[in-house]
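Data first, discussion second: the structure below is written as structure tokens.
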Amino acid sequence: MDLTGSPFTFSDTRNKFTAIGCDTIALFVGSTDQSYSTGCVSICNDNTTFSNGSCFGAGCCQTSILPGLQFFNITFSSTGHKDISWDNPCSFAFLVDGSWYSFRTTDLNETDFYDRNDGRVPMVLDWSIGDVGCEEARQNSTSYACRSNNSRCLNATNGIGYLCNCSSGYQGNPYVEGGCEGLPLSSLTMQPMCFFPFAWLLTSALRIRFNRL
């Protein structure tokens, strides 16, 4: 998947690279300003005990990704681990919103996981404005995006660029003039600082590998 040239990056705090299978080495290859790869291994045998919600290498594995990624590809290879008596012909690998996916033992039943989710899983994208940080962005009043007087600029934590939030005690849209308005006095002690949302959900197609036909 390629987001190059867009303001989006794959969220490193919300997403997990995940693989499902019993003979699976899944490799995640991405790039920021440098090439990058990570991956995980999922194996099982006749003595393996599977547990719903557990994804630590027995039928399911997960790992984190680096911040700043705008491109990735997924590849598979086999562990050569064949000493199991039941047939599990499929492996899956995907980048997914970590709060959405929880392993089920039925995910190992051929295409059950794929069919149940129509071949798609959600992932989270972060976005930011431009290719410079706050200090440099403020120097160009024409393009500076934090338009409300009661807004503040934050350097992006994932990738380059910046974001705008309403200042403490204000709520609304920091990207338009007059967009951040003061909170009523009665609500100042009850509401947290207003943050304009900067995460998007994206549905991604699953990568699937058939180990044996």
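- Atom CZ of residue F8 and atom CG of residue L69 lie 16.0 Å apart, to the nearest 0.5 angstrom.
- Side chains of L154 and Y162 form no contact here, defined as non-hydrogen atoms less than 4.5 Å apart.
- Here the OH atom belonging to Y144 is positioned 9.0 Å from the CD1 atom belonging to I129, to the nearest 0.5 angstrom.
- Residue pairs satisfying the disulfide (SG to SG under 2.5 Å) criterion with at least one member in residues 102-149, sequence neighbours excluded, are listed as follows: C134-C153, C146-C164.
- With hydrogens and angles left out, the side-chain atoms of S91 and T24 include a donor and acceptor closer than 3.5 Å.
- Rounded to the nearest 0.5 Å, atoms OG1 (T106) and CZ (F50) are 12.0 Å apart.
- Considering every non-hydrogen atom in both L3 and S6, the closest pair reads O-OG, 2.6 Å.
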Quick one: side chains of residues 57-66, donor-acceptor pairs under 3.5 Å with protein atoms, not counting sequence neighbours, listed by atom name and distance.
| residue | atom | partner | partner atom | Å |
| --- | --- | --- | --- | --- |
| Q62 | NE2 | T18 | OG1 | 3.0 |
| S64 | OG | K16 | NZ | 3.0 |

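- With sequence neighbours excluded, the residues that form a ring-ring contact (aromatic ring centres under 6.0 Å, His included) with F17 are F28.
- Considering every non-hydrogen atom in both V41 and I25, the closest pair reads CG2-CG1, 4.1 Å.
- Side-chain contact of N15 with S11: a donor-acceptor pair under 3.5 Å is absent, judged by distance alone.
- In this structure, N73 CG and D2 CG are separated by 10.5 Å, a value rounded to the nearest 0.5 Å.
- Judged as a side-chain hydrogen bond (donor to acceptor under 3.5 Å, both in side chains), and not counting sequence neighbours, the contacts of T9 are N158.
- Listed by chain and residue number, F94, F113 satisfy the ring-ring contact (aromatic ring centres under 6.0 Å, His included) test with Y101 (two or more places apart in sequence, or in another chain).
- Criterion: ILVMFWY side-chain heavy atoms under 4.5 Å apart, direct or through other members. Under it, L125 and F71 are not part of a common hydrophobic cluster.
- A salt bridge links R116 to D107: at least one charged side-chain nitrogen sits closer than 4.0 Å to a carboxylate oxygen.
- The shortest heavy-atom contact between G182 and Y170 is N-CD2, 3.3 Å.
- For the atom pair L95 CG and R14 CZ, the distance stands at 12.0 Å (nearest 0.5 Å).
- The minimum heavy-atom distance linking F72 with M123 is given by the pair CZ-CE, 4.0 Å.
- Looking only at side-chain heavy atoms (C-beta outward), S151 and C166 stay at 4.5 Å or farther from each other.
- Hydrophobic cluster membership of V29, counting Ile, Leu, Val, Met, Phe, Trp and Tyr whose side-chain heavy atoms lie under 4.5 Å apart directly or via other members: L27.
- Shortest non-hydrogen contact noted between S167 and R152 is OG-N, 4.0 Å.
- Looking at C90 and Y114, their side chains never come closer than 4.5 Å, going by heavy atoms from C-beta outward.
- The heavy-atom pair separating F103 from S51 by the smallest distance is CD2-O, 3.5 Å.
- Environment of CG in N149: sparse, with no more than 12 heavy atoms of neighbouring residues, nucleotides or ligands closer than 6.0 Å.
- Here the side chain of Q70 pairs no donor or acceptor atom with the backbone of F10 at under 3.5 angstrom.
- The backbone N or O of T142 lies less than 3.5 Å from a partner atom in the side chain of N140, making a donor-acceptor pair.
- Defined by atom type and a distance below 3.5 Å, a donor-acceptor pair is missing between the side-chain atoms of S148 and N150.
- In this structure, R104 places its CZ atom where only 12 or fewer heavy-atom neighbours from other residues, nucleotides or ligands lie under 6.0 Å away.
- Going from atom CG of L163 over to atom OG of S128 covers 6.0 Å, rounded to the nearest 0.5 Å.
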